[in-house]
Amino acid sequence: MNEAVLSVLKSHFGSDKVFEDSTHIIDDLGGDEFDVVDIVVQIEEKLDITIPEEETFDVVTVSQLNEVVERHAGSN
Amino acid sequence: MLGQIKLVFFFIMLMGAGGGLWYVQHLKSENEILTLNNAKLNDAVEQQQAVIEQQLRDIEAKSELNRQLNENNAKLTADLKLAEEKFNKVNASGERRDIGNLALNKPKSIERIERKREQQRARCFEIAQGSPLTEEELNATKKSQINAECTNIANPNYIPY
């Protein structure tokens, strides 16, 4: 998993939580749709990248979030 | 002499009878006044009882109104808490969520979420007006499956975790 993604997730939900690929951001971490947007914004700021909004609409798991970030982390 | 004594006794008896008659008349008069006063007092008692009964009904009505107000207040407080959580949620690092900032950065995402919430609110009104729950609503047990706007009435089988 991307270090920045893990760092933001831990900072946002707490380091005591388990962050696996299959972890559901809403069901397992107690977040909501706004949290997903918030996390994406934090990751963008941390990595200085821009992720098109449309790509994050259906992100609900840690692996989906990681995939979207990985696609743009090296290209910006 | 005997005739004079009889006459004196006669007058004494006559005066006694007159006094007795006057006393009885006086008692009757007082009795009538007391009867009238008693009737007035009974009327007053009945009026007071009616007033007391009305006051008890008023108190009962006010208590019911107060109960309803408290109930509505509890619901509104719960809704307010949800709204506060939505707009002012604090993350594990103690940072408060800024919806305005998110909307500036990701307008489409926020609009999409709000549109979904709007649809959920509309469904809440339908349910409140008697619309039966769907299988999906009844079977919702995960947070991502619930109607976030009125979980209490839309998803009876959802237990917050």
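No hydrogens, no waters, no symmetry mates; every other heavy atom, side chains included, goes into these values.
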Legend entry - Under 4.5 Å from a heavy atom of chain A, the part of B:P160 involved: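 B:P160 has no heavy atom closer than 4.5 Å to chain A.
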For the atom pair [atom1] ([X]) and [atom2] ([Y]), what is the distance rounded to the nearest 0.5 Å?
X: A:F19; Y: A:N66; atom1: CZ; atom2: CG; answer: 13.0 Å
X: A:F34; Y: B:L102; atom1: CZ; atom2: CG; answer: 8.5 Å
X: A:L65; Y: A:N2; atom1: CG; atom2: CG; answer: 9.0 Å

Legend entry - Residues clustering with B:L138 (ILVMFWY side chains joined when closer than 4.5 Å, directly or via others):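 In the cluster with B:L138 are B:I127, B:L133, B:I153.
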List, with distances to 0.1 Å, the donor-acceptor pairs found between chain A and chain B - the cut-off being under 3.5 Å and no angle criterion applied.
from  : atom 1 : to     : atom 2 : distance (Å)
A:S11 : O      : B:S93  : N      : 3.3
A:S11 : O      : B:S93  : OG     : 2.5
A:S11 : OG     : B:S93  : OG     : 2.9
A:H12 : O      : B:A92  : N      : 2.9
A:D27 : O      : B:Y161 : OH     : 3.1
A:D27 : OD1    : B:K143 : N      : 3.2
A:D27 : OD1    : B:S144 : N      : 2.8
A:D27 : OD1    : B:S144 : OG     : 2.9
A:D27 : OD2    : B:S144 : OG     : 2.9
A:G30 : O      : B:K143 : NZ     : 2.8
A:G31 : O      : B:K143 : NZ     : 3.1
A:D32 : OD1    : B:R97  : NH2    : 2.7
A:D32 : OD2    : B:R97  : NH1    : 3.4
A:D32 : OD2    : B:R97  : NH2    : 3.3
A:E33 : OE1    : B:R117 : NH2    : 3.0
A:E33 : OE2    : B:K116 : NZ     : 2.7
A:D35 : OD1    : B:R97  : NH2    : 3.0
A:D35 : OD2    : B:K89  : NZ     : 2.6
A:D35 : OD2    : B:R97  : NH2    : 3.2
A:E44 : OE1    : B:K106 : NZ     : 3.2
A:E44 : OE2    : B:K106 : NZ     : 2.6
A:I51 : O      : B:K106 : NZ     : 2.9
A:E53 : OE1    : B:K108 : N      : 2.9
A:E53 : OE1    : B:S109 : N      : 2.6
A:E53 : OE1    : B:S109 : OG     : 2.9
A:E53 : OE2    : B:K108 : N      : 3.4
A:E54 : OE2    : B:K108 : NZ     : 2.7
A:F57 : O      : B:R112 : NH1    : 3.1
A:D58 : OD1    : B:R112 : NH2    : 3.4

Legend entry - chain B contact via A:F57 - which portion, at a heavy-atom distance below 4.5 Å: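 Both the backbone and the side chain of A:F57 come within 4.5 Å of chain B.
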Legend entry - Interchain contact, A:V60 with chain B, by part (heavy-atom threshold 4.5 Å):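 For A:V60, there is no contact with chain B at all, as no heavy atom is under 4.5 Å.
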Legend entry - Close side-chain approach of A:V62 and A:L6, heavy atoms under 4.5 Å: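 Of all side-chain heavy-atom pairs linking A:L6 with A:V62, none is under 4.5 Å.
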Legend entry - Residue pairs, two or more places apart or on separate chains, that pass disulfide bond (SG atoms under 2.5 Å apart) and touch residues 92-161 of chain B: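 Every pair satisfying disulfide bond (SG atoms under 2.5 Å apart) with a residue in residues 92-161 of chain B: B:C124-B:C150.
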Legend entry - Pair listing, disulfide bond (SG atoms under 2.5 Å apart) test, anchored in residues 29-64 of chain B, at least two apart: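 Listed once each, the pairs would be none.
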